[in-house]
Amino acid sequence: MTGQPTSSDLFFSETDLSRERALSLTEDALASADDGELFLEYRQSESLVFDDGQLRTASFDVNHGFGLRAISGEASAYAHSAEISEAAIRRAAETVRAVQSGGGQVTPGPAKTNVSLYSPDNPVEQMPFEDKVRLLKQVDAFTRGLDERIAQVSVSLAGEWQAVDIIRPGGQTMSDRRPLVRFNVSVVTQKGDRRGNGTHGMGGRMAYEAFIGEDSWQAAAREALRQSLVSLEAEDAPAGEMDVVLGPGWPGILLHEAIGHGLEGDFNRKQTSAFAGLMGQRIAAPGVTVVDDGTLHDRRGSLSIDDEGTPAQYTPLIEDGILVGYMQDRLNARLMGVAPTGNGRRQSYAHHPMPRMTNTVMLNGDKHPGEIIASVKNGLYAVSFGGGQVDITSGKFVFSCTEAYRIEDGKIGAPVKGATLIGNGPDALTRISMVGNDMALDPGIGTCGKQGQGVPVGVGQPTLRLDRITVGGTAA
């Protein structure tokens, strides 16, 4: 395959493979399997980075291939190739037949859907390369002119278009065409020997135009500068056990990592999650409701269908503190005797699917954010997070704050640097004492890693108060 085929038969117009042969080969390959599919993928991607006053990186890639999977019981065989041809699929079929021991009755496929949550158009081809470079140069010049303390600016633009066809025994075929873009501005400021860092990004499943209008990129530049100046003036963070308030939006990444992974079906089926065996029990404070929603239009984590062909869903996980659901792919759902939830995801054709989050969100409570801040005598207000580590089995986590402030006598005080939140996901859920009414989604920047695979995700939450959380700090 060379270039981007425009035919509706994207994967067959420039190969020796016909759709009819692909259907027949899949039928034969999975004749004795419990489940499985042929996953066909074509992907265009590009990335441009304008750093330190010049274009540092400009890349464009085209990747395509297939993955053939057969499932028998708990066993799964997977073969993949960058060559989409009848011969390559035949070779893959010989590999996946090794695990098959079923009765030849493949599990019924997912229900089809006509719902599309995003435009199928390719953002990579909607804007000339020269215009993209010109835009990055313009953003760089504008940002540098905002403040004399700016020492360095980096601006990046990335986009991709992923075409997916999923073929199952019985002639069932499902297709999805997925755009994905991201725009980012980073700013370093300097004052004497002190340096501050700030970054703001935004993205989603839509065309570049949604993020690169002048108002949007100027707002992003100013926000990156604001964060950098806050970092420049920040003092060392206090340490110890204290009340912590999490801001709305992106701080939901803590919810995603510390809690969300523990609610994925595979960890619970294998009894390795801290939440295993707790269905129907209280695992969080009253008022805490968490959902995984892959049906939000144009959002980074959304999917019209997942990578097994199941339509994306709104999946309740915790309702008023009670555990009510897990996120499921087809394999784990079948083994646990429940329905798949549209959470079967894979990084590419070279990876097998597994249960993954889409957009994981804590819903609104009834408290005003100002009321939550005012309730804290002395504590920490965490607005944004960077990296973190989580142990799925124990639930223990450590997260670094990239923007945080002291709370003193119910008011937001000085910014602090070097703060980390240390705790346990299941325990933290019980320490939520106030839930705000200002739920916000992140700006479209999240990527989730699991077992070496990365997929785009979204997070969201309102302002939250957590009582007596351990904070690691740098203050003497």
Side-chain angles (χ1 to χ4, degrees), residues 1-6 10 41-64 117-147 150-164 176-188 197-225 227-228 297-302 347-348 442-447 454-458:
M1 295 174 69
T2 59
Q4 181 190 326
T6 57
L10 177 69
E41 179 188 20
Y42 174 93
R43 189 191 303 250
Q44 283 188 3
S45 59
E46 68 175 353
S47 176
L48 293 85
V49 179
F50 200 91
D51 184 58
D52 203 22
Q54 56 186 306
L55 185 66
R56 292 287 186 182
T57 303
S59 64
F60 176 81
D61 294 299
V62 175
N63 292 288
H64 50 76
L117 301 175
Y118 29 78
S119 167
D121 296 336
N122 184 349
V124 176
E125 298 191 340
Q126 290 178 329
M127 185 178 179
F129 176 79
E130 295 78 9
D131 291 350
K132 296 168 188 173
V133 176
R134 190 178 302 113
L135 170 70
L136 297 182
K137 187 174 182 179
Q138 185 179 6
V139 176
D140 176 82
F142 172 83
T143 307
R144 290 179 182 277
L146 289 175
D147 195 288
I150 293 177
Q152 186 174 350
V153 173
S154 179
V155 189
S156 63
L157 190 66
E160 72 172 45
W161 186 74
Q162 181 194 29
V164 167
D176 199 12
R177 305 294 182 258
R178 303 166 178 169
L180 188 68
V181 301
R182 178 169 172 176
F183 173 78
N184 199 82
V185 183
S186 296
V187 174
V188 176
N197 296 277
T199 184
H200 185 71
M202 47 192 177
R205 294 198 181 277
M206 56 188 78
Y208 284 128
E209 284 76 9
F211 302 100
I212 59 176
E214 188 171 276
D215 289 345
S216 292
W217 64 253
Q218 288 188 2
R222 290 191 175 97
E223 173 60 16
L225 172 61
Q227 293 180 23
S228 185
H297 281 266
D298 300 328
R299 296 299 303 180
R300 182 173 173 85
S302 296
Q347 179 175 311
S348 75
D442 78 280
I445 59 175
T447 298
V455 296
V457 295

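- Applying the side-chain contact (heavy atoms from CB on, under 4.5 Å) rule to Asp51 yields the partners Val49, Arg56, Gln152, Ser154; only residues at least two apart in sequence or on another chain are considered.
- Below 30°, between 30° and 60°, or above 60°: for Tyr42 and His64 the angle between ring planes is below 30°, a parallel geometry.
- Residues satisfying the side-chain contact (heavy atoms from CB on, under 4.5 Å) test with Asp215, not counting sequence neighbours, are none.
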Show your working on side chain to side chain contact (heavy atoms under 4.5 Å, CB included) between Arg300 and Asp442 and close with a plain yes or no. CA-CA 10 Å; Arg300 182 173 173 85; Asp442 78 280; 5.6 Å; no
Tell me, with the steps shown, if Phe142 and Trp217 meet side chain to side chain contact (heavy atoms under 4.5 Å, CB included). CA-CA 10 Å; Phe142 172 83; Trp217 64 253; 3.5 Å; yes
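- Considering all non-hydrogen atoms of both residues, Ala163 and Leu10 come closest at CB-CD2, 3.0 Å.
- Annotation: the span from Arg177 atom CZ to Asp121 atom CG amounts to 12.0 Å, rounded to 0.5 Å.
- Applying the salt bridge (Lys or Arg N to Asp or Glu O under 4.0 Å) test to every pair with at least one member in residues 153-164, sequence neighbours left out, gives these pairs: Arg43-Glu160.
- Listed by chain and residue number, Met127, Pro128, Arg134 satisfy the side-chain contact (heavy atoms from CB on, under 4.5 Å) test with Asp131 (two or more places apart in sequence, or in another chain).
- Partners of Arg178 under the salt bridge (charged side-chain N to carboxylate O under 4.0 Å, His left out) rule, at least two apart in sequence or in another chain, are Asp176, Asp307.
- Considering Gln138, Lys137, Arg144 as possible partners of Asp140, the one that fulfils the side-chain hydrogen bond (donor to acceptor under 3.5 Å, both in side chains) test is Arg144.
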Contacts table for residues 199-209: side-chain donor-acceptor under 3.5 angstrom, sequence neighbours left out:
unit_1 : atom_1 : unit_2 : atom_2 : d
Thr199 : OG1    : Asn184 : ND2    : 3.1
Thr199 : OG1    : Val185 : O      : 3.3
Thr199 : OG1    : Ser186 : OG     : 3.0
Arg205 : NE     : Ser302 : O      : 2.8
Arg205 : NH1    : Pro179 : O      : 3.2
Tyr208 : OH     : Glu46  : OE2    : 2.7
Tyr208 : OH     : Gly159 : N      : 3.1

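- Side-chain atoms of Arg182 do not come within 3.5 Å of backbone N or O of Gly444 as any donor-acceptor pair.
- Ser348 is not listed as a side-chain neighbour of Asn63, based on a closest heavy-atom distance of 4.5 Å or more.
- Here the side chain of Glu41 pairs no donor or acceptor atom with the backbone of Val164 at under 3.5 angstrom.
- For the atom pair Tyr118 OH and Arg299 CZ, the distance stands at 14.0 Å (nearest 0.5 Å).
- Side-chain contact between Val155 and Phe183: present, with at least one pair of heavy atoms (C-beta onward) separated by less than 4.5 Å.
- The only member of Leu157, Val139, Leu136 that meets side-chain contact (heavy atoms from CB on, under 4.5 Å) when paired with Ile212 is Leu157.
- A distance of 6.0 Å separates CG in Leu48 from CG in Leu55, rounded to the nearest 0.5 Å.
- The heavy-atom pair separating Ala210 from Ser216 by the smallest distance is O-OG, 4.1 Å.
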From CA spacing to verdict: side chain to side chain contact (heavy atoms under 4.5 Å, CB included), Leu146, Arg222: CA-CA 8 Å; Leu146 289 175; Arg222 290 191 175 97; 4.1 Å; yes
Can Val187 and Glu223 be said to form a side chain to side chain contact (heavy atoms under 4.5 Å, CB included), step by step? CA-CA 10 Å; Val187 174; Glu223 173 60 16; over 6 Å; no
